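Just so it is clear, the values below take in all heavy atoms, side chains as well, and ignore hydrogens, waters and symmetry mates. What you see is a predicted model; the values in this text were computed from it and never measured. Chain identifiers are assigned alphabetically (A, B, ...) following the order of the sequence lines, protein sequences preceding nucleic acid strands; residue numbering begins at 1 within each chain.
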2 protein chains.
Amino acid sequence: MIRITKQTDYGIVLLTHLASAPDGLRTAPELAAEARLPLPMVSKILKALTRSGLLDSHRGAKGGYSMTRPAEGVSVAEVITSIEGPIGITECIDDVPGECGYAATCGVRSNWNRINLAIREALEQISLAEMGPVSSKSLVSLGGARDQDGQQPGGTEATQ
Amino acid sequence: MIRITKQTDYGIVLLTHLASAPDGLRTAPELAAEARLPLPMVSKILKALTRSGLLDSHRGAKGGYSMTRPAEGVSVAEVITSIEGPIGITECIDDVPGECGYAATCGVRSNWNRINLAIREALEQISLAEMGPVSSKSLVSLGGARDQDGQQPGGTEATQ
DNA sequence: GAGAATCTGTACCGAAAGGGTACAGATTCA
DNA sequence: TGAATCTGTACCCTTTCGGTACAGATTCTC
């Protein structure tokens, strides 16, 4: 199956929650409670998002995490790349050249790159603001009162 | 990572080889030797492609596999679906409704479906004929002399 | 300055999926 | 009748992912 990992799925939800925080700041335990996810998992995801520059971390007693950019300016592709690495459905990723030992004789390589690019572009066109439930209402009410409503990830608990 | 399975990768290569067969017929051992893959693996993949209608199987002494349609008319999406099942990067696939227990409260569901659709469309626009090395030369010379050149899948042997 | 609260980093374990193999059976042609 | 082929099932091994635990560093508050 062509699937994103659960961590990425969780990451999208966590960022959506963070974007809805009135003061723009949330601690890891707060986010874990809101998204109903285990704290160590949340902490691991937030760390990855911080290292990639999507989040700012504030240490100390009144610390927490805050977004470096508004949700409208963050694409889903950025979130996936932050947590999983470069986007591509095969190991043939033009961002990482020279990794495939069969590149010289492999005829399908350049064509897979075309497909990888198409998928990447599709993911880059969706912003984080469009992923939340607010998308069906108003995209500018991100600072409003909307949290702790028990949102869950995109269906990762379904059949398996 | 968003990845197709090796079986799908192999399947693309096997179909490319099959499309280049002069008489349009190849046995599983022949294809295994050409693609340099283990026979049981090849057999398993060919069976899946046969069940989905992409291949015809001919049993008996002079049997083998042949394509039911020309490579130009087979999309990469069809091959992936034949081997892996419905295409979608989350379990939220609109082809399989009612599987997600959180659908009622999950705000990101409809947006993931948009992304899944975009990816599916990208894969449907690439035909099998465009995946082979012949794509850079001539698409109509599929019946020509081009085989057993040791082609390998799309880079699955790279780093791991 | 001490203590509490927070983020940071590493290491580890168990479960699940995928990759790969083996074997017995059914079918067709010579 | 026998050889060659496809069909189907079952099984094991490896890798990856999800999840947990623990020690350390930083910052604010009293």
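- Taking atom CG of residue B/L39 and atom P of nucleotide D/dA4, one finds them 15 Å apart after rounding to whole Å.
- Counting atom types as modelled, A/R59 pairs a side-chain N or O with a base atom of D/dA25 as donor and acceptor under 3.5 Å.
- In this structure, the separation between OG1 on B/T8 and CD on B/E84 is 3.0 Å, given to the nearest 0.5 Å.
- In this entry the distance linking CD of A/E30 with C1' of C/dA5 reads 12 Å, nearest Å.
- Heavy atoms only, all atoms of each residue included: A/T68 and A/L55 are closest at CG2-C, 3.6 Å.
- Following rounding to the nearest Å, B/Q7 (CD) and C/dT21 (P) show an atom-to-atom distance of 12 Å.
- Of the candidate nucleotides D/dG19, D/dC6, C/dG18, D/dG19 has the atom lying nearest to any side-chain atom of A/Y10.
- With no hydrogens or angles considered, no side-chain donor-acceptor pair links B/S75 and B/Q125 at under 3.5 Å.
- A/E72 and A/S127 share no donor-acceptor pair across their side chains, judged by distance under 3.5 Å alone.
- Rounded to whole Å, the distance from CG on B/L25 to P on C/dT28 is 15 Å.
- Here the side chain of A/P40 is nearest to one of D/dT29, D/dG18, D/dT20, namely D/dT20.
- Among the atoms of the strands shown, only primed sugar atoms or phosphate atoms (P, OP1, OP2) are found under 4.0 Å from some heavy atom of B/P38.
- Residue A/T27 places its side chain closer to C/dT6 than to any other of C/dC29, C/dT6, C/dG19.
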Is there a side chain to side chain contact (heavy atoms under 4.5 Å, CB included) between A/D56 and A/H58? Walk through the geometry before answering.
CA-CA 7 Å; A/D56 269 338; A/H58 311 277; 3.9 Å; yes
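- The nearest pair of heavy atoms linking A/I83 to A/Q7 is CD1-O, 3.7 Å.
- For residues 41-57 of chain B, proximity to DNA chain D is found at B/S43, B/K47, B/S57, defined as any non-hydrogen atom under 4.0 angstrom from a strand atom.
- Atoms NE2 (A/H58) and P (C/dC7) sit 10 Å apart, rounded to a whole Å.
- Rounding to whole angstrom units, CD1 of residue B/I4 and P of C/dG18 are separated by 13 Å.
- What separates OH of A/Y65 from C1' of C/dA5 is a distance of 13 Å, to the nearest Å.
- Summarising the geometry, the separation between CD on A/E84 and C1' on D/dG18 is reported as 13 Å, rounded to the nearest angstrom.
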Test side chain to side chain contact (heavy atoms under 4.5 Å, CB included) applied to A/E78 and A/R69, step by step:
CA-CA 12 Å; A/E78 282 183 277; A/R69 279 176 286 158; 2.7 Å; yes
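- Here the side chain of B/A61 is nearest to one of C/dC7, D/dC28, C/dT28, namely C/dT28.
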